[in-house]
Amino acid sequence: MVRRSQSAVFGGLFAFPGGMVDPVDHSLLATDVLTGDRTEESAWRAAGLRETAEEVGIYLTDRPITAPTRPLAGAEVYRWVLRQGARFDAGRLRYLSNWIAPRPAPQRYDTRFYLARVGREEPLLLAEAELTESVWIRPSQALHRRRAGEWEMILPTYKTLEYLREFPTSGQAWDSVDESKAVTAVLPKLVMRQGGFDSLLPGEIGYEEAE
């Protein structure tokens with residue numbers, strides 16, 4: 001997990017590596033560097049792979065490559081992979097969930113969470129312009145830090161950690177995702193309660209009645 005710099009979106013919060021789908025992720029360059037057939041989802045997977053490489057220096061490619069000595073960004077990331085005769089491996093991601101921010105939220109998002117597996121706790125090359133901290137951590141430990149008030153996260157992040165906490169190994173979490181099934185977007189609703197706003201999720205009491 002990483003902590004966003006104060007100047008970034010969701011500044012100061014802990015999150016998973018990731019970011020926006022940029023125009024370069026829709027480009028022919030991204031198509032060339034991504035394994036598999038081109039689909040509606042390809043730009044999302046390309047962005048997830050590129051942002052992971054940009055932010056923490058993990059390159060999820062179809063063959064081992066030499067990591068750069070400095071953080072790269074945008075098209076630089078794609079060109080680095082191609083120059084080494086490799087491609088980003090779309091199959092190293094599994095589409096877990098889709099979260100959409102409620103309309104009154106100050107920062108709107110439509111974000112997809114993917115699972116990725118790496119062989120070990122790889123050394124991380126941090127994009128210091130966007131991040132101030134990074135750590136390999138078990139989901140239960142991250143949730144403990146949130147409960148203790150040490151880490152702040154947005155709802156989709158800690159709900160994803162709660163899901164992952166149920167699996168003793170990354171392999172079991174990976175196997176839990178059936179990509180043949182469609183992912184239903186999760187749209188929380190904000191309700192006013194004592195002390196401020198609270199979020200309701202589909203299936204929770206009061207969700208259907210909330211605006």
Quick one: side chains of residues 73-96, donor-acceptor pairs under 3.5 Å with protein atoms, not counting sequence neighbours, listed by atom name and distance.
unit_1, atom_1, unit_2, atom_2, d
E76, OE1, A73, N, 3.1
E76, OE2, R70, NH2, 3.2
Y78, OH, D25, OD1, 2.5
Y78, OH, A46, O, 3.3
W80, NE1, T66, O, 2.8
Q84, OE1, T66, N, 2.8
Q84, NE2, T66, O, 2.9
R87, NE, D32, O, 3.2
R87, NH2, L34, O, 2.7
D89, OD1, T35, OG1, 3.4
D89, OD1, G91, N, 2.9
R92, NH1, T61, O, 3.2
R92, NH2, R117, O, 3.4
R94, NH1, W174, O, 2.8
Y95, OH, R112, NE, 3.4

In terms of hydrophobic clustering (I, L, V, M, F, W, Y; side-chain heavy atoms under 4.5 Å; direct or indirect links), are [X] and [Y] co-clustered?
X    : Y    : result
V118 : L126 : yes
V21  : L29  : yes
L164 : I58  : no
L131 : L72  : yes
V2   : L60  : yes

Mind checking the [atom1]-[atom2] spacing from [X] to [Y]? Nearest 0.5 Å is all I need.
X    : Y    : atom1 : atom2 : answer
L161 : Q141 : CG    : CD    : 11.5 Å
T132 : F14  : OG1   : CZ    : 7.0 Å
L125 : T69  : CG    : OG1   : 8.0 Å
R3   : S134 : CZ    : OG    : 11.5 Å
L115 : S176 : CG    : OG    : 6.5 Å
L155 : S199 : CG    : OG    : 5.0 Å

Report yes if the side chains of [X] and [Y] come closer than 4.5 Å at any heavy-atom pair, otherwise no.
X    : Y    : result
F167 : P139 : no
Y109 : I154 : yes
P64  : Y59  : no
L143 : R165 : yes
V186 : P202 : yes
L201 : K159 : yes

Cation-aromatic face contact R146/Y158, 6.0 Å, 45 degrees: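 Judged by the rule, R146 and Y158 form a cation-pi pair.
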Check this for me: [X], atom [atom1], are more than 12 non-hydrogen atoms of other residues, nucleotides or ligands nearer than 6.0 Å?
X    : atom1 : result
D37  : CG    : no
E150 : CD    : yes
H144 : NE2   : no

Evaluate R63 against I65 for side chain to side chain contact (heavy atoms under 4.5 Å, CB included), listing each step before the verdict. CA-CA 6 Å; R63 55 177 294 275; I65 66 171; 4.2 Å; yes
Between Y163 and S97, do the side chains contain a donor N or O and an acceptor N or O under 3.5 Å apart?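 No, no side-chain donor-acceptor pair sits under 3.5 Å.
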Taking every non-hydrogen atom, the tightest pair across [X] and [Y]:
X    : Y    : answer
R138 : P168 : NH1-O, 4.3 Å
A142 : M1   : CB-SD, 3.8 Å
P71  : E54  : CB-O, 4.1 Å

Partner of R4 under salt bridge (charged side-chain N to carboxylate O under 4.0 Å, His left out), chosen from E133, E55, E152: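 It is E55; the other options fail the test.
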Between W151 and T157, is the side chain to side chain contact (heavy atoms under 4.5 Å, CB included) condition met? List the steps. CA-CA 12 Å; W151 285 10; T157 303; over 6 Å; no
Using a strict cut-off of less than 4.0 Å between a Lys/Arg side-chain nitrogen and an Asp/Glu carboxylate oxygen, indicate whether R45 and E41 qualify as a salt bridge.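 A salt bridge links R45 with E41.
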Between K189 and E204, does any NZ, NE, NH1 or NH2 come within less than 4.0 Å of an OD or OE carboxylate oxygen?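 So E204 does not pair with K189 through a salt bridge.
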Short side-chain to backbone donor-acceptor contact, [X] and [Y], under 3.5 Å:
X   : Y    : value
D22 : V24  : no
N98 : T111 : yes
T52 : G48  : yes

Could you walk me through whether V177 and Y114 pass the side chain to side chain contact (heavy atoms under 4.5 Å, CB included) check? CA-CA 10 Å; V177 180; Y114 290 87; over 6 Å; no
